[in-house]
Amino acid sequence: MLAPGGSHLAALATGETDRWQAGGALMQEASPEGWREMVSSVALSRANADALRTCREAAAKSGKEQKCAVVV
């Protein structure tokens, strides 16, 4: 975890004006493959948001794991 104000310093160090963008730049630099996997996972999750939400709700209601169909 960054020290208080550390995220502002990270933004300054990366030349980004936005801390969110600075964090992304740092992660991408530290692990390009990990960054690509994360971006891909986010895209898959967003594309299947409704199905995943329904599945989470069913799991919460039943208290059991649920199998969910997603489109890849």
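Keep in mind it's a predicted model, so treat the numbers as computed, not measured. What you see below is based on every heavy atom in this structure, not just the backbone, and it leaves out hydrogens, waters and symmetry mates.
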Donor-acceptor list for residues 35-44 side chains, cut-off 3.5 Å, not counting sequence neighbours:
| unit_1 | atom_1 | unit_2 | atom_2 | d |
| --- | --- | --- | --- | --- |
| R36 | NE | E33 | OE1 | 3.4 |
| R36 | NH2 | E33 | OE1 | 2.9 |
| S41 | OG | E37 | O | 2.9 |

Legend entry - side chain to side chain contact (heavy atoms under 4.5 Å, CB included) partners of K64, counting only residues at least two apart: S62, Q66
Legend entry - Heavy-atom closest pair, residues L52 and V70: CD2-CG1, 4.0 Å
Legend entry - Rounded distance [0.5 Å steps], OG in S31 versus CG in L26: 12.5 Å
Legend entry - Heavy-atom pair of closest approach, residues D18 and Q21: OD1-N, 2.8 Å
Legend entry - Separation between CZ of R53 and CG of D50, rounded to the nearest 0.5 Å: 5.0 Å
Legend entry - Residues in salt bridge (charged side-chain N to carboxylate O under 4.0 Å, His left out) contact with E65, at least two apart in sequence or another chain: none
Inset, instruction - Give the minimum heavy-atom separation between A69 and A51, together with the two atoms involved. - result: O-CB, 3.7 Å
